[in-house]
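The sequence lines fix the lettering, A, B, ..., with proteins before strands; numbering per chain opens at 1.
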Amino acid sequence: MNNTIEIDKKWQKYWDENKTFKAYNDSKKDPFYVLVEFPYPSGAGLHVGHVRSYTAHDAIARMKRLQGYNVLFPMGWDAFGAPAEEYAIKNHIHPKEAVKKNIETFKGQMKSLGFSFDWDREFSTTDPEYYKWTQWQFLQFYKNGMAYKDTIPVNWCPKCKTVLSNEDAAGGVCERCGTEVVQKEKSQWMLRMASYAEDLLKGLDDTDFADRVKLGQINWIGKSSGVEMDVEIKGGGKFSIFTTCIETVFGITFFVIAPDGKLIKELMPRVKNKKEVEAYINETKKKSAMDRTELNKGKTGVLVEGIKAINPINHKEVPIFLGDFVLGDYGTGAVMAVPAHDQRDYEYAKVHNIPMIEVIEGGNINEKAFEKHDYLGNGCKLINSEEFSGLTVEEAKEAITKMLEDKKIARRVNNYKMRDWIFSRQRFWGEPIPMIYCEKCGWVPMNEEDLPLLLPDVAEYEPTDNGESPLAKISEWINTKCPQCGRDAKRETDTMPNWAGSSWYFLRFMDARNDKEFASMDAMKYWRKVDWYNGGMEHTARHLLYARFWVQFLYNIGLVPNKEMIYKRVSHGMVLGSDNQKMSKSKGNVINPDDIVNEFGADTLRVYEMFMGDYTQDAPWSTDSLRGCRRFLDKVIRLKDKVIDGKNFTKELEPVINKSILKVQRDLLNLGFNTAVSQLMILTNAMDEKEHITKEDYHLLLTLLNPIAPHITEELNESIGYSPICESTWPEYDEKKTIEQEKDIAVQVNGKVRATIKININDEESVLKEKALNEENVKKHIEGKEVVKIIVIQGKIVNIVVK
RNA sequence: GCGGGUGUGGCGGAAUUGGCAGACGCACUAGACUUAGGAUCUAGCGCCGUGAGGCUUGCAGGUUCAACUCCUGUCACCCGCACCA
């Protein structure tokens with residue numbers, strides 16, 4: 001059949017014209033919301049990797065519709081961001097033109113693959129009708145004290161000329177261009193995400209994310225429970241440290257404070273070796289995050305002369321050091337150092353010749369001890385710790401904490417690695433932050449009714465070296481009036497990060513055309529939440545965390561019905577090149593889905609990508625295997641020649657038919673797409689073995705295959721005179737009929753298969769024993785031996801144990 | 001270093017509660033039909049062995065009538081996080 005493309009087009013048109021996949025907000029049916037991450041519409045077009053996850057969820061959506069659900073399966077565009085902007089800089093056109101063109105390409109490709117998206121809900125994050133609400137939500141953050149401006153050392157990418165969030169600069173390297181990130185002091189808009197750390201952790205209990213996704217979130221939040229303890233400075237003043245090992249407090253031989261923290265600034269007047277200390281502080285500033293972690297593992301630092309701390313537990317005088325392994329923005333920016341029992345402290349002490357005090361038995365002061373790293377939790381006992389000596393680590397932890405708490409010099413606290421969200425970008429192509437700076441009133445939010453604050457049309461989009469957005473050059477845009485006092489004022493020129501628009505788009509899909517609210521509470525209450533959300537593993541730390549934070553905030557101010565609006569999160573594996581490497585232009589191993597669709601048809605590509613392997617694992621591309629899937633579809637087409645009239649299933653096919661219904665519907669909901677296809681092949685083969693099959697047999701096969709291969713199945717189904725599958729229902733299976741009456745089972749002697757016997761499912765145990773013992777080969781193997789026992793598992797196996 | 005994951009034929013991969021390991025497909029081999037075959041059909045296809053049979057799920061043990069599956073130890077590879085106190 002070489003009119004595959006025509007068939008594809010015919011049914012795509014049919015679905016479009018009949019609005020087959022429209023989701024209704026006023027339906028009496030049960031809702032089911034399937035979401036695939038909306039793509040960034042790049043110039044490269046759709047990737048075969050997109051096809052994998054979209055087909056998988058398209059199949060789920062299609063089956064769920066046939067099963068009577070009101071399915072919401074939307075698609076849109078996450079179109080703010082650097083690539084469109086870079087394209088615009090190069091070609092001197094407005095990024096929105098590039099975005100428009102790319103969206104057209106993507107959409108055309110998606111339609112050619114027959115994805116059952118409800119296109120009536122389509123939008124782009126760059127639409128003013130959409131980003132109006134992103135800006136509006138920012139104002140809610142601001143008005144609730146959740147957005148603030150702060151001057152902090154931030155990650156700065158010298159190439160992209162913009163600030164990056166901690167998440168974007170993971171590993172000390174710019175996420176986008178790979179350039180080493182440097183630290184720069186800048187005034188930035190921040191969202192108080194750190195204050196949601198505990199809620200984001202707890203909220204995971206109300207979700208059904210895949211384990212690896214949950215772990216990704218937990219790791220990123222990075223909770224650690226410990227004690228914050230006040231330390232007096234000799235001659236007045238004090239500071240606090242954070243530790244998770246308070247039981248080692250008698251082993252303190254020095255303290256280390258962060259060179260980039262506030263504490264050293266406060267102490268500076270009392271420091272005797274100011275020059276040395278200042279030099280070290282400056283040195284640290286110059287170091288990028290990279291230097292400070294990867295390259296420079298050695299423990300640099302300097303003694304702070306003239307200042308001594310007092311160990312609160314035994315009042316011993318202890319020196320204070322500066323060391324860049326202590327971070328200014330984590331914990332209190334100061335640590336107690338117990339070199340006898342901590343790897344880092346040990347290394348530092350060695351470099352700076354600081355004595356060590358052993359306080360836990362068995363925690364030898366040598367490098368080997370740290371390899372074991374196991375004094376915790378194995379009942380080791382304290383020594384050299386006054387009245388606490390002899391207690392186990394666990395007991396001492398509690399007892400010392402209690403004692404310090406009672407004396408009011410320590411508190412139990414939790415610390416989190418996750419920081420506040422740096423929300424400013426010095427780029428053109430993002431949502432303008434709707435804030436105005438007035439000399440008299442300070443930062444003032446725009447009036448909500450003046451939103452959206454549109455991006456202006458300008459000629460140049462280049463970011464500037466001084467760290468200002470290109471918007472800063474457009475004076476007619478910047479200059480405005482203060483909404484509060486009416487005086488001359490200036491707009492914020494920074495824009496929002498790429499993650500803003502994607503933090504709430506799934507809510508907008510629930511009510512995409514609402515021009516009064518970002519989404520109505522009624523619509524959100526009807527859909528409840530995203531039942532099933534698919535996206536790449538690379539987004540589990542950032543996007544998912546941002547989105548959950550955003551939603552939790554909206555929930556707390558009463559704007560969404562649930563604290564978690566995403567229930568299940570699954571992740572697909574990558575489609576690799578046939579050389580088992582990540583697809584890339586430079587490697588020349590890229591497969592363009594358009595080429596495949598044009599040569600083999602959309603259904604072949606869909607079936608292949610479902611069949612290629614475990615959905616959650618990476619899988620290499622194989623054009624040979626793809627051809628095999630085309631052959632499978634050809635076989636389904638040829639099967640039509642065997643169809644004769646008949647309203648019932650062929651009797652002998654009933655077991656495999658019922659089994660297939662069960663397996664396909666179960667597998668589609670358990671990410672078992674490859675085994676669902678395999679079962680459909682088995683069913684096809686079983687039908688193919690028959691001289692004739694009934695129309696009903698054939699219709700059943702086509703219905704089960706329809707979610708994965710929707711075009712060809714509709715065409716064949718129509719050709720035997722049935723009404724469209726997309727308007728009919730999913731078949732029911734009969735549990736009883738899935739069981740075969742007769743089957744072959746194995747007979748083992750001492751666990752080794754020696755024969756197979758034909759049995760009836762109702763055969764008694766004694767009958768099975770008799771049948772087994774009558775087999776020639778079985779007789780041979782038990783001859784002259786004593787039969788100890790015979791294990792019979794009904795309908796499965798017989799095992800004869802002999803001695 | 002910490003955390004997680006994965007190891008099954010030539011390849012992609014199957015295997016509810018332990019119950020015939022290798023489903024399904026690819027590649028390959030032989031044959032049929034053919035002017036032709038990248039079509040279709042038939043048969044074969046884990047390894048060793050002519051055979052009976054033996055061996056086989058990274059490796060080594062253990063539990064069991066029975067282990068890819070459970071337990072202990074171990075190796076290899078991959079992916080996150082990483083001076084977070």
Side-chain angles (χ1 to χ4, degrees), chain A residues 170-172 211-212 214-216 218-220 222-224 226-228 241-246 248 256 258 292-294 296-300 323-327 329-338 342-345 347-348 370-371 373 415-419 537-538 540-541 578 580 607-608 611-614 616-632 634-635 638 666 670 672 674-682 684-685 688 744-756 777 780 788-802:
Chain A
D211 283 348
R212 55 179 181 161
K214 274 193 186 176
L215 273 162
I218 291 167
N219 282 343
W220 202 273
K223 178 177 183 172
S224 71
V227 171
E228 199 176 280
I241 58 98
F242 174 71
T243 181
T244 53
C245 298
I246 193 68
T248 61
V256 186
R292 224 168 133 172
T293 56
E294 299 282 314
N296 192 12
K297 285 269 184 185
K299 294 288 176 289
T300 66
D324 68 8
F325 78 90
V326 178
L327 308 173
D329 63 347
Y330 179 78
T332 60
V335 299
M336 63 181 223
V338 185
D342 179 275
Q343 174 94 49
R344 285 184 323 255
D345 299 347
E347 285 169 15
Y348 195 92
F370 296 116
E371 282 172 23
H373 225 279
N415 264 311
Y416 304 88
K417 283 197 236 180
M418 192 178 72
R419 318 288 157 93
M537 274 308 284
E538 71 277 13
T540 52
S578 53
N580 243 309
V607 171
Y608 169 60
F611 188 58
M612 71 195 310
D614 180 343
T616 62
Q617 304 284 128
D618 294 352
W621 179 268
S622 160
T623 303
D624 278 334
S625 279
L626 173 94
R627 286 204 182 91
C629 293
R630 178 68 232 186
R631 280 203 284 272
F632 162 60
D634 285 340
K635 193 185 257 188
R638 280 198 308 277
R666 198 178 53 199
N670 287 294
N674 53 340
T675 46
V677 173
S678 144
Q679 185 62 37
L680 290 163
M681 288 171 170
I682 290 168
T684 303
N685 292 343
D688 196 38
D744 295 331
I745 66 163
V747 180
Q748 300 178 327
V749 177
N750 282 353
K752 290 201 166 35
V753 180
R754 298 303 180 187
T756 55
N777 202 37
K780 206 176 110 188
V788 181
K789 61 174 161 178
I790 302 177
I791 290 133
V792 178
I793 308 294
Q794 283 265 315
K796 283 193 173 159
I797 205 162
V798 178
N799 191 6
I800 302 163
V801 186
V802 296

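By the side-chain hydrogen bond (donor to acceptor under 3.5 Å, both in side chains) test, A/Thr244 pairs with no residue at all, sequence neighbours left out.
Proximity note for A/Lys417 (side chain, C-beta onward) versus B/rG25, B/rC26, B/rC81: the nearest is B/rC81. The side chain of A/Asp624 has B/rC26 as its nearest neighbour among B/rC41, B/rC26, B/rA85. Counting only heavy atoms from C-beta on, A/Arg631 has its side chain closest to B/rC26 among B/rC20, B/rC26, B/rA85. Closest to the side chain of A/Tyr330, out of B/rA27, B/rA85, B/rG13, is B/rA85. Set against B/rA85, B/rA23, B/rC26, the side chain of A/Ser678 has B/rA23 as its closest nucleotide. When distances are taken from the side chain of A/Arg754 to each of B/rG3, B/rG53, B/rC20, the shortest belongs to B/rG53. Taking every side-chain heavy atom of A/Phe611 into account, B/rC24 is the closest of B/rC20, B/rC24, B/rA85. Nearest to the side chain of A/Arg666, among B/rG3, B/rA85, B/rU16, sits B/rU16.
In this structure, B/rG9 is classed as syn because its glycosidic torsion stays within 90° of zero.
Pairing each heavy atom of A/Asn750 with each of A/Asn799, the nearest pair is N-OD1, 3.6 Å. When all heavy atoms are compared, the tightest approach of A/Phe242 to A/Gly331 is CB-CA, 4.4 Å.
As a whole-Å value, the separation of A/Phe325 CZ from B/rA82 P is 18 Å. Atom-to-atom, CG of A/Asn674 to C1' of B/rC26 comes out at 14 Å; the value is rounded to the nearest Å.
Nucleotides B/rU72 and B/rU8 have their P atoms positioned 22 Å apart, rounded to a whole Å. Going from the P atom of B/rG7 to that of B/rC45 covers 26 Å, rounded to whole Å. Nucleotides B/rA52 and B/rG46, compared at atom P, are 15 Å apart to the nearest Å. Across B/rG58 and B/rA14, the matching P atoms stand 14 Å from one another, rounded to whole Å. As rounded to the nearest Å, B/rG25 and B/rA15 have C1' atoms that lie 16 Å from one another.
For RNA chain B, each stem of at least three Watson-Crick or G-U pairs (distances under 3.5 Å) is given as range with range: B:1-7 with B:75-81, B:10-12 with B:24-26, B:28-32 with B:40-44, B:46-48 with B:53-55, B:58-62 with B:70-74.
Residues A/Asp345 and A/Phe325 meet the side-chain proximity criterion, which asks for heavy atoms closer than 4.5 Å.
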- Task: Starting at the 5' end of nucleotides 60-70 of chain B, put B wherever the base has a protein heavy atom under 4.0 Å, S where only the sugar-phosphate does, and a dash everywhere else.
- Result: -----BS----

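Judged by distance alone, with hydrogens and angles left aside, A/Lys299 brings a side-chain donor or acceptor within reach of the base of B/rC83, the pair sitting under 3.5 Å.
No salt bridge links A/Arg631 with A/Asp634; every basic N to acidic carboxylate O contact stays at or beyond 4.0 Å.
One finds no side-chain N or O of A/Arg630 lying less than 4.0 angstrom from the OP1 or OP2 phosphate oxygen of B/rC26. Regarding contacts with the backbone of B/rG25, a side-chain N or O of A/Asn685 is found under 4.0 angstrom from either OP1 or OP2.
A/Lys780 comes within 4.0 angstrom of the backbone, heavy atoms only, and of no base.
Donor-acceptor pairing under 3.5 Å is lacking for the side chains of A/Asn219 and A/Lys417.
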